[in-house]
Amino acid sequence: MTLVAGVDSSTQSCKVVIRDAATGALLRQGRAGHPDGTEVHPDRWWAALGEAVDGAGGLDDVAALSVGGQQHGMVVLDADGQVIRPALLWNDTRSAAAARELVVELGGGDEAAGRRAWAQAVGSVPVASLTITKLRWLADHEPEAAARVAAVCLPHDWLTWRLSGAQGLETLATDRSDASGTGYFDPVAGAYRRDLLALALRRSRAEVEDIVLPRVAGPSEAVGRGARQVLGRDLSHLVLGPGCGDNAGAALGLGLRPGQTSVSLGTSGVVAAVSATPTHDASGLVAGFADATGAYLPLACTLNGARVLDAAKTVLGVGYEDLDRLALSAEPGAGGLVHVPYLEGERTPNLPEATGVLTGMTLGSLTAANYARAAVEGLLCLMGACLDAVRAQGVEVDGVSLVGGGARSAAVRALAPAVLSVGVEVPEPGEYVADGAAKQAAWVLVGGEEPPSWELAGVERLRAEPQPQVRAAYDAAAALVAGAQER
Ligand SMILES: Nc1ncnc2c1ncn2[C@@H]1O[C@H](COP(=O)(O)OP(=O)(O)O)[C@@H](O)[C@H]1O
Ligand SMILES: O=C(CO)[C@@H](O)[C@H](O)COP(=O)(O)O
């Protein structure tokens, strides 16, 4: 039996799965936590990877490995390959002003023109999550650090590079899905836009010529082998795949085909659809990313995902099961209580400075059950708005696959079809990003035009009468928050 490994180095943890390359059967897995915070030194991901590999029983019998990872994190390296400063993660909003500046600058002073220009150039309008806005922040706030930048890469690129022994900056490699989240890669042309990198760093095009950007490998291309002495092991037998951004990894793990959509409730909330054609959404709600197979992955991502549930359970002083029980004991609409859960600011819609609100509070409505229900409904309505944004890009959505840690919530699963007004399929709880990375590793080994097709186990199919009134109440409350931000 040939074994492959897939890694998901996500915001909150690192997960490793080991699967049979031929059938996809899960053989072993491991996991280790990442530190909290929106700024993390990559060494912490490396340590967690080592721990998760140990938990998965090591890699001695594994033939190939790919790394999927949280997108956009800015990893800057000096000429010796040393990390210059802790990585700024996708959910770090300090570059919100930089994002606004970059939009206006590319539009020659006109914001609307700037939005169109960015959407056309790289498929996405910069928001604080994208790597490019973090580079502008670095240039403006830490110019000495910016001056030392010899290479820029992403979390998954850096981990793959370390596994290969970090043999010089020119051996850095990435894939099209993660490159498309930088803001300086055009996924349609398949080429970096160094002019935009120069704009971000406030340098001329010639001055950024020598900055190393990872080579963008093909979807099933090997990018090297493991090093002889790394993570305390000999990994020289290991073929390394190009890896991918976590959302593209989830799409690959789920086996999504063009026209199929996922809703992921991890740290972020993500609606992503595999598409044969690219999108260029000048509103900025939908990012025009690439997938991990050569197609596209229009995607709407929120800063607020499953941690909305964590916050509700902390407020109520209960565990996940009791939160679910409370939420399911309340009526649809939570007695008029509406929670707009912008607890970390928000990216979709782009309101980085916003805070969450709870409206409709009366002596009658303000119960633990209604609050629990409002938290679940609010999170799902936020995802519903993302679904609408993706639909507005011409993507037909008549059903979704629900994944991520938040899909473990019985209340989320039960309310999703009614609040989202679509059929919902919930595959068995699992690590679909790591599974996608493992599938990519198998594809690297066997080759061919298409990734291997592995059977998905135990898909639950959920249908319910739509409850548009829940979404209407949410939209009204969300409009109040947006209005307050504009003033
Ligand atoms: N039983 C559960 N009910 C609700 N949420 C859960 C449950 N188990 C885990 N979670 C949520 O899953 C989240 C982590 O999901 P995960 O997809 O692993 O995130 P990430 O990939 O961003 O690290 C936690 O924030 C937690 O809220
Ligand atoms: O920023 C995005 C996508 O654009 C996020 O989806 C990150 O990729 C983090 O993902 P999770 O840790 O929530 O899976």
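Just so it is clear, the values below take in all heavy atoms, side chains as well, and ignore hydrogens, waters and symmetry mates. Along the sequence shown, residues are numbered consecutively beginning with 1. Note that ligands are numbered from 1 as they come in the structure, with each ligand's atoms numbered from 1 the same way.
- If you number the atoms of ligand 1 from 1 as listed, the ones under 4.0 Å from a heavy atom of T267 come out as 19 (O), 20 (P), 22 (O), 23 (O).
- Counting atoms of ligand 1 from 1 in the listed order, those under 4.0 Å from a heavy atom of R307 are 25 (O).
- The closest heavy-atom contact to atom 14 (O) of ligand 2, among the options L299, D246, L265, comes from D246.
- For ligand 1, the atoms lying closer than 4.0 Å to a non-hydrogen atom of D310 are 24 (C), 25 (O), 26 (C), 27 (O).
- The nearest heavy-atom contact from the protein to atom 14 (C) of ligand 1 is Q12 NE2, 3.8 Å.
- With respect to the salt-bridge test (charged N to carboxylate O, under 4.0 angstrom), the residues R471 and E377 do not qualify.
- Across the listed options G406, G266, S268, S268 owns the non-hydrogen atom lying nearest to atom 13 (O) of ligand 2.
- The neighbour count for R44 CZ, taken as heavy atoms of other residues, nucleotides or ligands under 6.0 Å away, does not exceed 12.
- Backbone and side-chain nitrogen or oxygen atoms of D8 are examined, and none is located within less than 3.5 angstrom of a nitrogen or oxygen of ligand 1.
- Salt-bridge annotation for R31 and E431: present, with a side-chain N of the basic residue lying under 4.0 Å from a carboxylate O of the acidic one.
- One finds a salt bridge joining E142 and R85 here, because a Lys/Arg side-chain nitrogen approaches an Asp/Glu carboxylate oxygen to under 4.0 Å.
- The closest donor-acceptor contact from the side chain of D291 to the backbone of G294 lies under 3.5 Å.
- Closest heavy-atom approach to atom 23 (O) of ligand 1 among the candidates G305, A306, S10, P429: S10.
- Below 4.0 Å from some heavy atom of L309 lie the following atoms of ligand 1, by number and element: 4 (C), 5 (N).
- With a heavy-atom cut-off of 4.0 Å, T11 touches ligand 2 through backbone and side chain alike.
- At the top of the distance list for atom 1 (O) of ligand 2, counting protein heavy atoms only, stands R347 NH1, 2.8 Å.
- Residue F289 has at least one heavy-atom neighbour below 4.0 Å for each of these atoms of ligand 2: 4 (O).
- Ion pairing between R325 and E321 fails under the 4.0 Å rule for side-chain N and carboxylate O.
- Ion pairing between a basic and an acidic side chain is recognised when a charged N comes within 4.0 Å of a carboxylate O; D186 and R193 show no such pairing.
- Of the polar atoms of G405, at least one N or O is found under 3.5 Å from an N or O of ligand 1, judged by distance alone.
- For K15, the heavy-atom gap to ligand 1 drops under 4.0 angstrom.
- How far CZ of F289 is from OG of S124: 4.5 Å, rounded to the nearest 0.5 Å.
- When only non-hydrogen protein atoms are considered, atom 5 (N) of ligand 1 lies nearest to Y320 CE2, 3.4 Å.
- Heavy-atom proximity to G404, at under 4.0 Å, picks out these atoms of ligand 1: 17 (O).
- At a 4.0 Å heavy-atom cut-off, ligand 2 does not touch H156 at all.
- At under 3.5 Å, a nitrogen or oxygen of Q71, whether backbone or side chain, sits near a nitrogen or oxygen of ligand 2.
- Contacts of N247 with ligand 2, taken as heavy-atom pairs under 4.0 Å, involve the side chain alone.
- Side-chain atoms of S220 do not come within 3.5 Å of backbone N or O of V444 as any donor-acceptor pair.
- Ion pair D435/R19 flagged as a salt bridge, since at least one NZ, NE, NH1 or NH2 atom sits closer than 4.0 Å to an Asp/Glu carboxylate oxygen.
- Contacts of H72 with ligand 2, taken as heavy-atom pairs under 4.0 Å, involve the side chain alone.
- Between W46 and W158, the ring planes are perpendicular. Angles over 60° get that label, and only those under 30° would be called parallel.
- In this structure, E111 does not pair ionically with R116, as no charged nitrogen and carboxylate oxygen lie closer than 4.0 Å.
- Side-chain polar atoms of S283 and D281 form a donor-acceptor pair below 3.5 angstrom.
- Counting atoms of ligand 2 from 1 in the listed order, those under 4.0 Å from a heavy atom of V270 are 6 (O).
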